[in-house]
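Heads up: the structure comes next, in structure tokens.
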Amino acid sequence: MDSEKTYPMTEEGKIKLEKELETLKTKTRPEIIKRIQIARSFGDLSENSEYESAKDEQSNVENRIATIEEMLHNAEIIDSNAVEKNEVSLGKSVTFKELPDEEPETYTIVGAAESDPLSGKISNDSPIARSLIGHKVGEEVEIDIPAGKIKVKIIKVENA
């Protein structure tokens with residue numbers, strides 16, 4: 001028997017998904033339905049690019065709604081306060097530097113649904129996060145990255 005996939009996330013990430021779901025259901029979906037109705041009124045649907053575009057967008061929105069609903073249904077809220085203060089875990093920011101003498105980097109470890117590397121939020125499934133989780137300030141950790149292995153030293157850990 002398969003167990004359902006869980007989606008680890010912070011409380012903040014869950015709230016963000018709930019807001020996105022609400023927007024998709026109450027604003028985006030009705031707007032697309034109106035566009036489809038208007039496009040239908042133009043007649044021949046076989047050569048109606050507005051209709052095709054709206055139908056494609058509707059499909060994408062419905063898929064996103066289904067994905068978010070599944071993620072929320074199977075959400076596993078991670079409480080970073082339940083872990084030692086100086087231990088890397090989901091929901092915490094970690095500052096580390098590549099050894100021997102690189103500049104410090106700081107990332108917040110979040111669930112995959114919340115991941116946004118450009119704003120410093122990395123997925124708990126990423127190679128860096130997987131390697132750092134469970135380690136503490138002062139520890140040196142070897143990380144497998146696509147370009148090879150790097151060794152880092154954890155400088156600071158704090159709640160995000």
Side-chain angles (χ1 to χ4, degrees), residues 1-33 35 54 56-160:
M1 184 168 136
D2 292 320
S3 61
E4 292 188 44
K5 179 179 179 179
T6 60
Y7 296 89
M9 63 182 73
T10 62
E11 185 63 36
E12 176 188 329
K14 181 180 180 212
I15 290 168
K16 185 177 174 187
L17 281 177
E18 289 170 339
K19 286 180 182 175
E20 180 183 353
L21 181 62
E22 182 69 17
T23 301
L24 288 171
K25 285 182 166 183
T26 62
K27 291 187 177 140
T28 310
R29 181 190 269 167
E31 288 170 3
I32 294 171
I33 290 171
R35 284 183 41 219
D56 288 345
E57 189 176 348
Q58 181 183 40
S59 175
N60 292 337
V61 166
E62 294 303 327
N63 287 336
R64 181 66 181 154
I65 287 171
T67 298
I68 293 173
E69 287 176 338
E70 179 186 345
M71 292 169 90
L72 290 172
H73 179 71
N74 297 307
E76 179 186 353
I77 305 303
I78 305 298
D79 180 9
S80 61
N81 293 318
V83 191
E84 285 186 45
K85 186 178 176 183
N86 68 342
E87 184 178 334
V88 180
S89 73
L90 193 133
K92 290 190 177 183
S93 289
V94 58
T95 302
F96 61 87
K97 68 176 189 170
E98 187 176 341
L99 298 176
D101 56 6
E102 294 291 321
E103 290 295 314
E105 299 177 47
T106 301
Y107 295 101
T108 301
I109 300 175
V110 296
E114 306 168 71
S115 178
D116 183 4
L118 296 178
S119 64
K121 294 181 177 184
I122 60 171
S123 167
N124 61 312
D125 290 331
S126 71
I128 293 173
R130 279 197 321 260
S131 297
L132 294 174
I133 289 175
H135 290 279
K136 298 179 180 175
V137 172
E139 290 186 23
E140 293 182 6
V141 180
E142 195 170 87
I143 301 174
D144 285 321
I145 59 171
K149 291 182 188 280
I150 60 170
K151 193 169 197 172
V152 302
K153 182 171 185 171
I154 301 172
I155 300 169
K156 181 168 73 171
V157 174
E158 57 190 0
N159 284 341

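The minimum heavy-atom distance between S123 and A129, with the atom names listed, is O-CB, 3.2 Å. Closest approach of F96 to I154, counting heavy atoms only: CB-CA, 4.1 Å.
In this structure, the side chains of V88 and K136 stay at 4.5 Å or more apart for every pair of heavy atoms. Looking at K156 and V94, their side chains never come closer than 4.5 Å, going by heavy atoms from C-beta outward. Contact check for K5 versus N74: no side-chain heavy atoms found under the 4.5 Å cut-off. Here the side chains of S115 and K121 are not in contact, with every heavy-atom distance at 4.5 Å or above. At least one side-chain heavy atom of I65 sits less than 4.5 Å from a side-chain heavy atom of E62. Side-chain contact between V110 and I122 is absent, with no heavy atoms from C-beta onward closer than 4.5 Å. Looking at K85 and V157, their side chains never come closer than 4.5 Å, going by heavy atoms from C-beta outward. L99 places none of its side-chain heavy atoms less than 4.5 Å from the side chain of V152.
Listed for the E98 side chain is no donor-acceptor partner under 3.5 Å among the backbone atoms of K151. No side-chain donor-acceptor contact under 3.5 Å links R29 to the backbone of L24.
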Would you sort out whether S119 and D116 count as a side chain to side chain donor-acceptor pair (under 3.5 Å), showing the intermediate values? CA-CA 6 Å; S119 64; D116 183 4; 2.9 Å; yes

For Y7 and H73: C-alpha separation, side-chain torsions, deciding distance, then whether side-chain contact (heavy atoms from CB on, under 4.5 Å) applies. CA-CA 9 Å; Y7 296 89; H73 179 71; over 6 Å; no

When you look at E76 and K14, which way does the salt bridge (charged side-chain N to carboxylate O under 4.0 Å, His left out) test go after all the steps? CA-CA 9 Å; E76 179 186 353; K14 181 180 180 212; over 6 Å; no

Apply side chain to side chain donor-acceptor pair (under 3.5 Å) to S131 and E142, showing your working. CA-CA 7 Å; S131 297; E142 195 170 87; over 6 Å; no

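Residue I150 holds its CD1 atom at 4.5 Å from CD1 of I143, rounded to the nearest 0.5 Å. Between I68 atom CD1 and K16 atom NZ the span is 10.5 Å, to the nearest 0.5 Å. For the atom pair CD1 of I128 and CD1 of I133, the computed distance is 11.5 Å after rounding to the nearest 0.5 Å. For the atom pair E103 CD and E105 CD, the distance stands at 9.5 Å (nearest 0.5 Å). Taken to the nearest 0.5 Å, the OG1 atom of T26 stands 9.0 Å off from the CG atom of L21. T10 contributes atom OG1, which lies 13.5 Å from atom NZ of K92 (distance to the nearest 0.5 angstrom).
One finds no salt bridge joining R35 and E31 here, because no Lys/Arg side-chain nitrogen approaches an Asp/Glu carboxylate oxygen to under 4.0 Å. Between E20 and R64 there is a salt bridge, with a side-chain nitrogen of the basic residue lying less than 4.0 Å from a carboxylate oxygen of the acidic one. Salt bridge absent: E102 and K97 never bring a charged side-chain N and a carboxylate O closer than 4.0 Å.
The side-chain contact (heavy atoms from CB on, under 4.5 Å) test with M9 singles out one residue from I15, I77, N124, and that residue is I77.
By the 6.0 Å contact criterion, CD on E12 is open, its count of non-hydrogen atoms from other residues, nucleotides or ligands being 12 or less.
Counting only N and O atoms by type, the side chains of T95 and T106 include a donor and acceptor under 3.5 Å apart.
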